[in-house]
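Notes for the one structure printed next.
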Amino acid sequence: MLVNSVIMRGGTSRGLFFHERDLPREPAARDEVILRAMGSPDPHGRQIDGLGGATSSTSKVAVISPGTRGADVDYEFCQVSIDAAVVDRGGNCGNLSAAVGPFAVDEGLVTPGAGTTRVRIHNTNTGKIIVATVPTRDGRFDPTGDFAIPGIPGTGSRIQLDYLDPGGSRTGSLLPTGSPQETLDVPGLGEIPVTLIDAANPFVLVRWRDLGLTGRETPDELDTDVDLLARLEHARTAGAVRMGLAASREEAGATLRAVPKLALVGPPTTYQATDGTTVDAAATSLRVAALSMGQVHRALPVTAGICLAVAAGVDGTVVAEQLRPDDGGSERVIGHPSGTLAVAAEPHLTANGWTVDRVSVFRTARRLMAGQVHV
């Protein structure tokens, strides 16, 4: 069987893009096509018999269809497990979202503008709207420019993503428990303070120091610490239960592989990025590392950046406590393993609790290949 597809890079992620019309309508048959295309499940963890890249950042699929809810296009994100026959639709991928607008332009799903094209995207995973401002030229997406993002070599054109009303993507509330800080009883860690937040994706935010870490650890050091990863998974699943996403840690571990995600957070710290350069503490607001599908992300999921920027503006969160006293304003520069990410958010307190109207981030994207995948 041959299926039309496009390989796109969005931010620091890469994935297969399908038109919904080209996939089977029956859910099990559709998942089988997606799994075969990506080379999953692979017990060796390599996805050597498919187009996946054997990391959480490169085992992703986007399914695009005509827009609903006033959007130009609908976009369903699928996180494909590498070693299991699981297609997780539990949340969105902020990085891959950056490629949806360019895909829509190049596939003729929107009418391109002269210099930029606004693409209104309905993410069906979360029910949220993302507005992408896409550079265009001669009726096509223009990928050339001088904007650089850490984790990607070279430069590209700057794509602006505005996440509208991102709070409560899965739980219905920006702070699912109503509190900016909770205490979780985690096997192997005991009682630890966390912030549970849901902005574009649900996240469990944990301080480095509560894990006995400094914030200078590299992704490889974290990924090879099997005991640490097990404790972090316990914290993630305990957070899922407290957020109301699962009835038990066992259920969360079995059925919620992609969400909630977990991020380690601490004060600005000078550390070495993955390319060998030094990230100066003075240039950042926070030092962060995020986990996705049990692996440490080599950059930062955009949805993690959104949650962190929002949490930084909410009094009493474990994130706000890490900020320098003079770090005000709406923009936060988040230090992550590959460099930094700037995110602008202005949460505010209402009679019904904390809310945020819009969060803006900037990414690049590129169309890598178009053709047919054999499944």
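The figures here come from the full heavy-atom set of this structure, side chains too, leaving out hydrogens, waters and symmetry mates. Residue numbers run from 1 in the order of the sequence given. These numbers were taken from a predicted model, which means no experiment stands behind them.
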Main-chain N/O of D42 paired with S40 side-chain donor or acceptor, under 3.5 Å: no

For the student: nearest non-hydrogen atoms of N125 and R170, plus distance: O-CD, 4.3 Å

Any donor-acceptor N/O pair, N123 side chain to G127 backbone, under 3.5 Å: no

Name of the residue among L300, V279, L308 meeting side-chain contact (heavy atoms from CB on, under 4.5 Å) with H336: L300

Side-chain donor-acceptor pair present, E182, T177, cut-off under 3.5 Å: yes

Heavy-atom pair of closest approach, residues A240 and A252: CB-CB, 3.8 Å

Heavy-atom check, side chain of V265 versus side chain of V206, under 4.5 Å: no

Ion pair R367/E107, N-O distance below 4.0 Å: yes

Salt bridge flag under 4.0 Å for residues D31 and R36: no

N/O donor-acceptor pair under 3.5 Å between R242 side chain and G244 backbone: no

Under 3.5 Å side-chain donor-acceptor pair for N92 and S97: yes

Nearest heavy-atom neighbours spanning T355 and T350: CG2-CG2, 3.5 Å

Lys/Arg N to Asp/Glu carboxylate O, K60 vs D88, below 4.0 Å: no

Exam field: side chain D49 to backbone G39, donor-acceptor pair closer than 3.5 Å: no

Check: T136 main-chain N/O paired with D142 side-chain donor or acceptor under 3.5 Å: no

Residue pair T237 / G253: nearest heavy atoms and the distance that separates them: CG2-N, 3.7 Å

Basic-acidic side-chain contact under 4.0 Å: E233, R249: no

T155 side chain vs G145 backbone, donor-acceptor pair below 3.5 Å: yes

Side chain D280, main chain T270, donor-acceptor under 3.5 Å: no

Ion pair R324/D326, N-O distance below 4.0 Å: yes

Salt-bridge contact D165-R358 (side-chain N to carboxylate O under 4.0 Å): no

Under 3.5 Å: donor-acceptor pair, side chain of T171, backbone of G168: no

Parallel, tilted or perpendicular: rings of H19 and F103 (30°, 60°): tilted

Heavy-atom closest contact (V288 atom, A263 atom, distance): CG1-CB, 4.3 Å

Short side-chain donor-acceptor distance under 3.5 Å, S169 and N201: no

Q47 and S59 side chains, donor-acceptor separation under 3.5 Å: yes

Pair S292-H297, side-chain donor/acceptor within less than 3.5 Å: no

Donor on one side chain, acceptor on other, T277 and D275, under 3.5 Å: yes

T284 side-chain N/O to A281 backbone N/O, donor-acceptor pair under 3.5 Å: yes

